[in-house]
Amino acid sequence: MTNQEKIALLEETLEIDEGTLTEDTLLEDVDEYDSMAKLSLIVMMDDEFAVKLTGDMIKGFQTVGDILAVMEKA
Amino acid sequence: MSFFKNRGIKISGITSVVPANRVTVESFSEVFGEEIPAKFTAGTGIKAMYKALPEQTASDLATAAAEKLIEKKEIDRNEIGLMVLVTQSPDYRRPSSASVVQKRLKLPIECSCMEINLGCSGFIYGLQTAMSLMAASDMKYGLLLMGETASKLVHPFDKSIVMMYGDAGAAVLLEKTEDDIETITLLRSDGERYKAIILPAGGFRDMDAPHDRFLCSDGIERSLYDIYMDGTSVFSFSISDVPKALEDYLKYTETTSDDYDIFAFHQANEFIIKQLIRKLKLKKDSVPVSLDHYGNTGGISIPITLCDAFGSYPDSNQESGKESAMKRILMSGFGIGLSWGVTSVSIDIRDVFPIEETDDYYREGRITPDML
């Protein structure tokens, strides 16, 4: 999966308009990235990549790029 | 592998009660403003819950549910040989509340009484414990009782869970039967994750724990006497370990989801229930939801969901005969511990009674110095 595809998947998961996010986007600037969006992120990572996100991993995410980095098949 | 089998024990009655004190999520807008409660309801599905009065304890709720069950089923108390109480909100540090409930229910001294300290998985664990004890005895009836007042453990400004916990009690009548029925149960636990949901102070590990509040990593202020939940980890557990256990159960029992009429899941939040429906490819209308009106009532959420769904039967379906009243129900409870379990039973839903409200509490239970 290319980075562009990953970003598109992330936008879909977080219910954000297409083309809004870049690798450098700070998550704290994304209004939609709230506690419910994080639950959707956990589900997507489990479904698509078999990655189990922990609370500590999510706390460690600062940019969209940080999330893209773990979007690899476990 | 922790699979258990019990023969010849059936569930022949279920009652649930809530305190007579309904609190809506909307009413929290006075504390948090309008946006937070609205988002909470949108995310969890919880709209209201019932919270115990300050004097009302988990054992009061369990006792009230048991009294209603004994009355509705017209049971002779002297034929009850076992009472298992599941709660994490005891009246005293010791003895267990099971002793208090035995006295209040006037159960005979020949009745064995005990308590199990479990939360959201407690219905499944309690059922298996009670059934196996009964199967190894000559008793006719056993009672599984549950009571919880988790709302008392939450810091009032903890927006992550103050709108989530509802208080409740439940009672289940177990009966020996000549019918050839087998109950298969799966129980699992993972102590590695014991801190995922924890109330650190008040036990014996840190008897002088300070009462000061501090800022937790989720940005919410709590003291060590307030319950803490790592919501992300608990959510991950609920959508991975729990469906895995359900799949393992179906495989072990050589059944598929088509073999069950109803799926009664722990009512943690609606998002989790939706994930279970999706992962197990269930029909939405076979998965009753009660958390909208009662919140997360811990282990009681399975019996309260059944009472909510079937308590008014047969009023809604006068023509139904015995056959259609029998429902095959797959149940799963999961949470604090972490601890989880799966079981399935057949229940005649005419034995499932409506949820009632109670403001009763045990006045003599408050021990004052002149009593000792």
Side-chain angles (χ1 to χ4, degrees), chain A residues 1 3 5-18 20-21 23-74, chain B residues 25 32-33 35-46 158-164 190 192-198 215-220 228-244 246-247 268-281 338:
Chain A
M1 199 180 274
N3 260 11
E5 286 167 336
K6 287 181 191 173
I7 286 176
L9 180 57
L10 197 57
E11 286 167 339
E12 189 192 327
T13 304
L14 303 180
E15 295 178 27
I16 298 174
D17 291 340
E18 223 180 302
T20 310
L21 301 177
E23 264 186 73
D24 301 325
T25 307
L26 282 171
L27 291 168
E28 63 182 20
D29 294 337
V30 181
D31 288 343
E32 292 87 348
Y33 189 65
D34 58 12
S35 57
M36 282 309 296
K38 287 172 193 169
L39 299 189
S40 299
L41 179 64
I42 295 171
V43 173
M44 184 274 282
M45 292 298 286
D46 184 46
D47 283 355
E48 300 287 332
F49 303 100
V51 169
K52 291 198 193 314
L53 290 180
T54 64
D56 287 341
M57 285 167 85
I58 291 181
K59 271 174 222 151
F61 293 152
Q62 293 187 352
T63 65
V64 166
D66 294 338
I67 301 178
L68 301 186
V70 293
M71 290 172 77
E72 298 288 344
K73 282 268 184 204
Chain B
V25 167
F32 299 121
E35 193 187 338
I36 288 173
K39 270 189 131 175
F40 180 83
T41 296
T44 62
I46 298 171
D158 184 345
K159 66 181 166 74
S160 71
I161 40 182
V162 73
M163 297 174 279
M164 184 185 93
D190 181 9
E192 280 292 334
R193 289 178 276 183
Y194 78 95
K195 282 187 282 193
I197 308 171
I198 190 166
L215 198 62
C216 296
S217 58
D218 59 5
I220 292 169
Y228 167 80
M229 177 165 75
D230 174 357
T232 310
S233 298
V234 176
F235 178 76
S236 274
F237 155 73
S238 305
I239 63 149
S240 55
D241 297 87
V242 176
K244 170 80 167 57
L246 283 157
E247 282 160 11
N269 78 47
E270 204 172 18
F271 195 64
I272 290 174
I273 294 174
K274 280 182 183 161
Q275 295 307 322
L276 294 176
I277 291 172
R278 189 177 63 88
K279 289 208 167 202
L280 293 157
K281 300 185 178 68
L338 295 174

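This is a predicted model, so every value here is computed, not measured. Atom set for the values below is all heavy atoms of this structure, side chains included, hydrogens, waters and symmetry mates excluded. Each chain gets a letter, A, B and so on, in the order its sequence line appears, and its residues count up from 1.
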K.L.:
Could you tell me the separation between the NZ atom of A/Lys52 and the CZ atom of B/Phe237, rounded to the nearest 0.5 Å?
P.N.:
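Going from the NZ atom of A/Lys52 to the CZ atom of B/Phe237 covers 11.5 Å.
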K.L.:
For the pair B/Arg278 and A/Val43, evaluate side chain to side chain contact (heavy atoms under 4.5 Å, CB included) and give the outcome as yes or no after the intermediate values.
P.N.:
CA-CA 11 Å; B/Arg278 189 177 63 88; A/Val43 173; 3.1 Å; yes
K.L.:
Would you say A/Glu48 has more than 12 foreign heavy atoms packed within less than 6.0 Å of its CD?
P.N.:
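Yes, the 6.0 Å shell around CD holds more than 12 heavy atoms from other groups.
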K.L.:
Side chain, backbone, both or neither: which part of A/Ile58 has an atom under 4.5 Å from a heavy atom of chain B?
P.N.:
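Side chain of A/Ile58 only, per the 4.5 Å heavy-atom cut-off to chain B.
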K.L.:
Pick whichever of B/Thr44, B/Thr232, B/Asp230 has the most heavy-atom pairs under 4.5 Å with chain A.
P.N.:
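Ranked by heavy-atom pairs under 4.5 Å with chain A, first place is B/Thr232.
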K.L.:
A quick test of your reading: do over 12 heavy atoms of other residues, nucleotides or ligands sit less than 6.0 Å from NZ of B/Lys159?
P.N.:
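Incorrect, the count does not exceed 12.
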K.L.:
Mark yes when over 12 heavy atoms from residues, nucleotides or ligands other than A/Glu32 sit less than 6.0 Å from its CD; otherwise mark no.
P.N.:
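Yes, CD of A/Glu32 has more than 12 neighbouring heavy atoms, counting only those of other groups under 6.0 Å.
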K.L.:
Evaluate the criterion side chain to side chain contact (heavy atoms under 4.5 Å, CB included) for residue pair A/Lys59 and B/Asp218; output intermediate values, then yes/no.
P.N.:
CA-CA 9 Å; A/Lys59 271 174 222 151; B/Asp218 59 5; 5.7 Å; no
K.L.:
Might you confirm whether atom NZ of B/Lys195 has over 12 heavy atoms from other residues, nucleotides or ligands at distances under 6.0 Å?
P.N.:
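No, the 6.0 Å shell around NZ holds no more than 12 heavy atoms from other groups.
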K.L.:
Given that the side chain runs from C-beta out, which part of A/Ser40 has a heavy atom under 4.5 Å from chain B: side chain, backbone, both or neither?
P.N.:
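Both the backbone and the side chain of A/Ser40 come within 4.5 Å of chain B.
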K.L.:
Kindly check if the number of other-residue, nucleotide or ligand heavy atoms within 6.0 Å of CD (A/Glu5) is above 12?
P.N.:
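Count over threshold, so yes.
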K.L.:
Do the side chain of B/Ser236 and the main chain of A/Thr54 share a donor and acceptor less than 3.5 angstrom apart?
P.N.:
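Between the backbone of A/Thr54 and the side chain of B/Ser236 there is no qualifying donor-acceptor contact (under 3.5 Å).
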K.L.:
Which distance, rounded to the nearest 0.5 Å, do you find between the CG of A/Leu39 and the CZ of B/Phe235?
P.N.:
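One gets 4.5 Å once the value is rounded to the nearest 0.5 Å.
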K.L.:
Could you pull out the closest heavy-atom pair between A/Gly55 and B/Ser233, with the gap in Å?
P.N.:
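It is N-OG, 3.8 Å.
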K.L.:
Using heavy-atom distances under 4.5 Å, tell me whether A/Asp34 contacts chain B through its side chain, its backbone, both, or neither.
P.N.:
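Contact with chain B involves the side chain of A/Asp34 alone.
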K.L.:
Run A/Asp46 and B/Gln275 through side chain to side chain contact (heavy atoms under 4.5 Å, CB included) and show every step you take.
P.N.:
CA-CA 11 Å; A/Asp46 184 46; B/Gln275 295 307 322; over 6 Å; no
K.L.:
Would you say CG of A/Asp29 has more than 12 non-hydrogen atoms from neighbouring residues, nucleotides or ligands within 6.0 angstrom?
P.N.:
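Above 12, so yes.
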